[in-house]
S.K.: 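I'd like to ask some things about the structure below.
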Amino acid sequence: MGLFKKYLTDRNKIFKNREVLRHSYRPHILPHRMPQIDEIASILAPSLRNETPSNILIYGKTGTGKTASVRYVGSELEKASSQNVATCAVVHINCEVIDTQYRVLAQIAKDIERPDETPSDKLRPHIPMTGWPTDQVYMELKNQLEARGGVLVIVLDEIDKLVKKSGDDTLYNLTRINSDLHSSRVCIIGISNDLSFKDFLDPRVLSSLSEEEIVFPPYNAPQLCDILQQRAEKAFVLETLDEGVIPLCAALAAQEHGDARRALDLLRISGELAEREEAEKVAESHVKSAQAKIETDSMIECISTLPTQSKVVLYSMLLLEQLGHLIFTSGEVCRVYQELACHLEIDVLTNRRITDLISELNMLGVINTRVVSRGRYGRTKEMWFDANSTKIQEVIQKDPRLTEQGLGQMDRTWLKQTFR
DNA sequence: ACTCCACCGGAATACTTGGCGT
DNA sequence: ACGCCAAGTATTCCGGTGGAGT
């Protein structure tokens with residue numbers, strides 16, 4: 001009973017409304033996105049006169065406000081059309097969740113069902129979540145579109161995921177659906193954060209889909225400041241943020257590709273840290289700890305999901321570091337790995353494979369590597385940890401096969417002799 | 001049953017500079 | 001002093017395999 005009491009009382013010292021800082025929160029004003037919003041709006045405007053708007057392809061890194069902007073324009077469009085004769089509707093589909101042709105078509109059909117359906121609509125068969133041939137779903141969707149008329153804007157969020165998982169058939173069908181329709185029109189907006197997905201597309205689909213292209217550039221530090229400022233006013237109790245907090249969050253996130261989500265995470269976690277240590281205000285020191293926390297958290301997450309073999313390779317490096325080596329070569333790591341793998345009675349991979357795993361660890365940012373040529377003594381790759389490796393060791397040893405007991409019997413004298 | 005993908009390793013080729021021959 | 005060689009992996013290319021998904 002009394003356990004949570006202290007959390008209930010003076011809890012609102014720092015946060016007024018924490019939800020405002022979450023990714024799912026949708027602000028009413030999107031700072032520094034007016035040019036993009038205006039462009040989208042001007043492209044979609046013909047739909048209010050019952051004309052077909054151009055299809056749009058939108059690019060931009062994560063956290064640049066693509067989805068939020070499109071949703072904003074979409075809701076404004078629906079608002080405008082309700083005062084107008086023409087009927088415009090917007091369907092928003094996240095292709096990371098809905099990732100097959102069947103489910104995309106079914107979802108669109110489901111979303112355009114109107115609550116005020118006439119009796120004849122009631123007779124219309126409901127598309128089941130599974131069971132129909134895809135062309136039948138396609139036909140049914142077409143019928144529904146014809147029945148409701150007007151213009152339907154279909155937003156395909158994370159469209160690259162859809163193309164990657166189930167090819168470009170869906171897009172092909174959707175782009176040519178207009179030629180089968182008489183009393184209604186369809187417009188497609190594709191949102192992607194990966195430019196290279198165009199390569200997987202049929203040229204015809206691509207040209208039809210990218211009649212208009214809009215790029216969302218990353219935010220710079222001052223822009224992120226504005227965004228944070230706007231949210232902070234709603235999220236935090238007045239005067240609980242030190243002056244430098246927001247600029248620091250913005251600067252750190254701007255270094256990291258200008259991701260607004262990252263900036264909001266930083267701000268939120270800074271606040272949570274301050275709250276936890278019952279500070280009066282959020283200080284810059286909290287932001288720095290938040291940054292470190294985010295980094296180690298993602299590192300821990302990353303390492304713990306590594307395949308066993310990679311962990312063993314990483315452990316080999318840790319052993320070398322404990323022997324006082326700050327920098328090790330691939331040859332050394334391979335030798336330690338082989339000994340280690342032998343003791344653990346797991347498959348011993350060849351050096352060929354180890355070098356691949358090392359490169360992978362480098363890509364993930366767990367270690368740093370550098371290729372060096374040592375003249376007569378060959379060419380090798382040097383690697384080292386940059387953060388404190390103790391965290392990494394803790395995570396690695398959570399793997400049941402890599403605990404101290406399992407390795408206690410290992411012949412460490414061999415190690416010491418070889419790598420003095 | 002069939003396809004696709006992640007994982008694996010062999011062989012060939014690329015790379016770079018200290019050392020050695022001249 | 002100069003230039004080529006060789007060491008020792010990196011890197012690339014490619015083909016095989018087993019398991020997951022459909």
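Here is how names work: the chains are called A, B, and so on, in the same order as the sequence lines, proteins then strands, and each is numbered from 1.
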S.K.: Could you tell me the separation between the CG atom of A:Asp347 and the P atom of C:dT17, rounded to a whole number of Å?
M.R.: 16 Å
S.K.: Please state whether the base of C:dT12 and the side chain of A:Arg352 form at least one donor-acceptor pair under 3.5 Å?
M.R.: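 Such a pair exists between side chain and base.
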S.K.: Nearest whole angstrom, please: distance from the C1' of C:dA10 to the CE of A:Met383.
M.R.: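 Rounded to the whole Å, the gap is 11 Å.
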S.K.: Measuring to OP1 and OP2 of C:dT9, would you say a side-chain N or O of A:Thr380 lies under 4.0 angstrom away?
M.R.: no
S.K.: Need to verify one output field. Residue with the more 5' nearest nucleotide on DNA chain B, A:Arg379 or A:Arg376?
M.R.: A:Arg379
S.K.: Between the side chains of A:Ser330 and A:Thr380, does any donor sit under 3.5 Å from an acceptor?
M.R.: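 Side-chain D/A pair, A:Ser330 to A:Thr380: present.
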S.K.: Tell me whether the centres of the aromatic rings in A:Tyr59 and A:Phe216 are closer together than 6.0 Å.
M.R.: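 No: the rings miss the under 6.0 Å criterion.
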S.K.: What is the distance from CD of A:Glu382 to P of C:dA10, rounded to the nearest Å?
M.R.: 11 Å
S.K.: To the nearest Å, how far apart are A:Ile358 CD1 and C:dG8 P?
M.R.: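 It is 18 Å, rounded to the nearest whole Å.
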S.K.: Does A:Tyr377 place a side-chain N or O at less than 4.0 Å from the phosphate oxygens OP1/OP2 of C:dT9?
M.R.: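 Answer is no, no contact under 4.0 Å.
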S.K.: Quick check on C:dA10: is either OP1 or OP2 less than 4.0 Å from any side-chain nitrogen or oxygen of A:Ser330?
M.R.: yes
S.K.: Is it true that the NZ or CZ of A:Arg18 lies under 6.0 Å from the centre of A:Phe15's six-membered ring and within 45 degrees of the ring axis?
M.R.: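 Yes, A:Arg18 and A:Phe15 form such a contact.
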S.K.: Could you give the CD1-to-C1' distance, from A:Ile346 to B:dC7, as a whole number of Å?
M.R.: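 Answer to the nearest Å: 14 Å.
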S.K.: When the distance from CZ of A:Arg103 to C1' of C:dT22 is rounded to whole Å, what number comes out?
M.R.: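 Result: 14 Å.
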S.K.: Think A:Lys381 has a side-chain N or O under 4.0 angstrom from the OP1 or OP2 of C:dG8?
M.R.: no
S.K.: Figure out the CZ/P separation between A:Arg353 and B:dA6, and round it to whole Å.
M.R.: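 Distance, rounded to whole Å: 12 Å.
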S.K.: Would you tell me whether A:Gln36 and A:Ser69 have side-chain atoms, one donor and one acceptor, within less than 3.5 Å of each other?
M.R.: no
S.K.: Send over the distance from A:Ile354 CD1 to C:dA10 C1', rounded to a whole Å.
M.R.: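 Going from A:Ile354 (CD1) to C:dA10 (C1'), I get 15 Å.
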S.K.: Starting at the 5' end of DNA chain C, which residue's closest nucleotide do you reach first, A:Gly375 or A:Asp356?
M.R.: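 Nearest-nucleotide comparison on DNA chain C picks A:Gly375.
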S.K.: Would you indicate whether A:Glu277, at its atom CD, is surrounded by more than 12 heavy atoms from other residues, nucleotides or ligands within a distance under 6.0 Å?
M.R.: yes
